Amino acid sequence: MTAEQMAEVLRNIARLLELKGENPFKIRAYTTGADVAENFSGDIVAKAKANDLGGIKGIGDALQQKLHELASTGKLEFYEKLKAEFGDGILELFEVQGLGAKKIAALFATLGVKSIADLRRVCESGEAAKLPGFGAKTAEKLLQGISFRESHAHEFRQEQVAPIVMGVLEMLRDHPDVSRVEVGGSYRRGKETVHDLDFLAASRRPKEVLEDFVHMPGVTQVLGHGETKASVVLDSGVQCDLRVVTNDEFACALVYFTGSKEHNIVLRSRALERGWSLNEYAFTPVANGNGKEPPKCMEEADVYRALDLEVVPPELRENTGEIEAAEEGRIPRLVELQNLRGCFHNHTVASDGAATLREMAEAAQEVGWQYLGIADHSKSSFQANGLNETRLAAQVEEIRKLNAEYEKEGFRIFAGSEVDILKDGALDFSDEVMAGLDYVVASVHNLFTLSEAEMTKRIIKAIENPYVTMLGHVTGRLLLSRPSYAVNIPEIIEAASANGTIIEINANPWRLDMDWRWWKMAKEKGVKCAINPDAHSTRGLQDVFFGARIARKGWLTREDVINCLPLGQVEQALRVKREGK
DNA sequence: GCCGTTTTCGGCCCGACTGTTTTCAGTCG
């Protein structure tokens, strides 16, 4: 049982209670409890087990008792009973865009809809459109929601698979028969979502390794189990494949299993040009080759060297120019997580965060950062308890006081705001108010259905405001959940370039926005990047891990990323745009 | 269901859009 799993149970209870038409405030109490459990700084699972949850705001008597039962037995009877009333499949209906509790309850009560499959049937048959409050357009939208969800089925975001990767790697590393191990595939290439996980191990006893692999904790299904490879499904639904090779084969196998397929095809054709064939195990001479001895490869670097290439970092292996760059010695030295000196775009309890200013600042210092930007929501984001001018001024005051305290430690909090971009591109705060801040992140939080032209114009207008330092989550997408709104990214990049506006990589694994595919273009136009965790808790700061991977995938170096600058230089950089120099 | 207190009940976050209606319910951020 993890904190995330406990939170998920509470969140599901809230949904089921909503279906029953329970008191909305009771429902909110469960949702709040879920947030608290997930963001708790400390071992909430251990506390729950020990029945030691007293005094945590948002977890009252009832939730304490339920979390204790859940943590100590792994089950919660209250939850099981609720699920039994509606069936297990009902919860997945909440994942369909445009479908909330009221509609689900109506579909359940009148048409017996209990799953996505049921929903599709009644939408296609026209039954759904006849329900009160429903219509033809509703049914059409729901079908679209289903197909969006389905086209992303069996895909997982980074934060869902990263802990699994760590766990499996650890298990294999500790195995007495394993000498080397790596994760390959799209995970290693740093893709924003993956559909399965590929592991590679070197061993002289593949049988023993595979035996332990298919019996590791969490395996619910063994899809295949042979002499050198096995494939399992974990309780999280993630498919994991393990391939075991010899130590001599490991390097070529790692290149092969890391891909991408397109990248590998180019490598193999380069091998043929040199008289060798390259497969997942080794280079071998071809029949009409030049007779040159095929190279022996112990490391990935040996494979690339044999092909007269610089080593290509896994993130770049998408056949989008990396081979040419490697041939000409132009592979950039990519930014690394350790290069970050701080970050911007973080929230506190003042808006919708879980930690106080001081807690966030101290967590940042623990990470080893020199600065932390605070950008709570602005007043138009009611749902997030956005700050008005008065509350913002009070926060700035508090930040100045804390800074006086932190100065001797060489740490600084930057006072900022995540200012809403309004419908016409105007900003939620006046220039005078923004001038009193150290920086501004401008973001879109509503009216997602504007036309591409309107949305682009709206965002560009914000970019042109001299007080807007950086643009937040440019497309508004939530990976595997909500597509981006319509917006013309090249025009946005052009405007950011012309105005010296920074574009963020929102490192929240649900967003990873702006997408890595655009960064090469942005970099060529001189646009700087900020890797921002959009943290809503102290733990959220760790999300820069995902952001740094995306920056690497976008070919960015430390020179391209503003928050690699040390404190003194970043202060200056923040002033550059507003002072027009 | 939680919180806080002018303690043991009363209040708990706001506004806009969509698609359904013909004044509003549901969903979303």
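Order of the sequence lines sets the chain letters (A, B, ...), proteins ahead of strands, with each chain counted from 1. Worth saying up front: this structure is predicted, and the values here are computed from it rather than measured.
- Contact annotation for A/Leu447: backbone-only contact, meaning every heavy-atom pair under 4.0 Å involves sugar-phosphate atoms and none involves a base.
- A cation-pi geometry, defined here as NZ or CZ lying under 6.0 Å from the six-membered ring centre and within 45° of its normal, does not hold between A/Lys114 and A/Phe86.
- For the C1' atoms, the distance from B/dT8 to B/dC3 is 12 Å, rounded to whole Å.
- Here the nucleotide nearest the side chain of A/Lys423, chosen from B/dT20, B/dG1, B/dC17, is B/dC17.
- Looking at heavy-atom distances under 4.0 Å, A/Ala106 makes no contact with the nucleic acid at all.
- Remark on DNA chain B: of its neighbouring residues A/Phe134 and A/Lys57, the 5'-side contact belongs to A/Lys57, judged by nearest-heavy-atom nucleotide.
- Atom name P, nucleotides B/dT21 and B/dG26: the rounded distance is 12 Å, in whole Å.
- Look at CZ on A/Phe448: it is 13 Å from C1' on B/dT27, rounded to the nearest Å.
- Atom CG of A/Asp424 is separated from atom P of B/dA16 by 14 Å (rounded to the nearest Å).
- Listed by first then second residue, pairs satisfying side chain to side chain donor-acceptor pair (under 3.5 Å) with a partner in residues 136-145 of chain A number zero, not counting sequence neighbours.
- Looking at residues two or more places apart in sequence or on another chain, you find a side chain to side chain contact (heavy atoms under 4.5 Å, CB included) between A/Thr193 and A/Glu155, A/Arg157, A/Leu479, A/Leu480.
- Residue A/Lys141 places none of its side-chain N or O atoms closer than 4.0 Å to OP1 or OP2 of B/dT18.
- One interatomic measurement links the two molecules: CD of A/Glu18 to C1' of B/dG26, which rounds to 11 Å at whole-angstrom precision.
- Comparing B/dT5 with B/dG10, their C1' atoms are spaced 11 Å from each other, to the whole Å.
- Between the CG atom of A/Asn446 and the C1' atom of B/dT27 there is a distance of 14 Å, given to the nearest Å.
- Pair check for B/dC24 finds B/dG19; Watson-Crick or G-U wobble, both atom distances under 3.5 Å.
- Separating the P atom of B/dT20 from that of B/dC14 is a span of 29 Å, rounded to the nearest Å.
- The phosphate of B/dC14 (OP1 or OP2) has no side-chain N or O of A/Ser380 nearer than 4.0 angstrom.
- The nearest whole Å value for the distance from the CD1 atom in A/Ile104 to the P atom in B/dT27 is 7 Å.
- Among the nucleotides B/dC2, B/dC12, B/dT27, the one closest to any side-chain atom of A/Lys102 is B/dT27.
- Here the CG atom belonging to A/Leu111 is positioned 9.5 Å from the CG atom belonging to A/Asp118, to the nearest 0.5 angstrom.
- Rounded to a whole angstrom, the distance from the C1' atom of B/dC2 to that of B/dT7 is 15 Å.
- The nearest whole Å value for the distance from the CG atom in A/Leu99 to the P atom in B/dT18 is 18 Å.
- Atom CD1 of A/Ile27 and atom P of B/dC28 are 15 Å apart (whole Å).
- Relative to the ring axis of A/Tyr30, A/Arg15 does not place its NZ or CZ within 45° and under 6.0 Å from the centre.
- Annotation: the span from A/Glu398 atom CD to A/Ile413 atom CD1 amounts to 8.0 Å, rounded to 0.5 Å.
- Heavy atoms of other residues, nucleotides or ligands lying less than 6.0 angstrom from NZ of A/Lys49 number 12 at most.
- Nucleotides B/dC17 and B/dT23, compared at atom C1', are 16 Å apart to the nearest Å.
- Only the C1' atoms considered, B/dG1 is 23 Å distant from B/dT6, to the nearest whole Å.
- Heavy-atom nearest nucleotides on DNA chain B were determined for A/His445 and for A/Phe78, and the one closer to the 5' end corresponds to A/Phe78.
- Between B/dG4, B/dC14, B/dG26, one nucleotide has an atom nearer to the side chain of A/Phe382 than all others, and that is B/dC14.
- A/Glu22 comes within 4.0 angstrom of no nucleic acid atom, judged by non-hydrogen atoms across all strands.
- For A/Lys137, whose side chain is taken as the heavy atoms from C-beta onward, the closest listed nucleotide among B/dT27, B/dG1, B/dT20 is B/dT20.
- On a pure distance criterion of 3.5 Å, a polar donor-acceptor pair joins the side chain of A/Asn23 and the base of B/dG1.
- In this structure, of B/dG26, B/dT18, B/dC2, it is B/dG26 that holds the atom nearest to the side chain of A/Lys103.
- Atom-to-atom, NE2 of A/His377 to P of B/dG15 comes out at 17 Å; the value is rounded to the nearest Å.
- No contact: A/Leu450 has no heavy atom under 4.0 Å from any strand.
- For A/Thr138, the side-chain atoms get nearest to B/dG19 when compared with the rest of B/dG19, B/dG26, B/dG1.
- No contact: A/Ala384 has no heavy atom under 4.0 Å from any strand.
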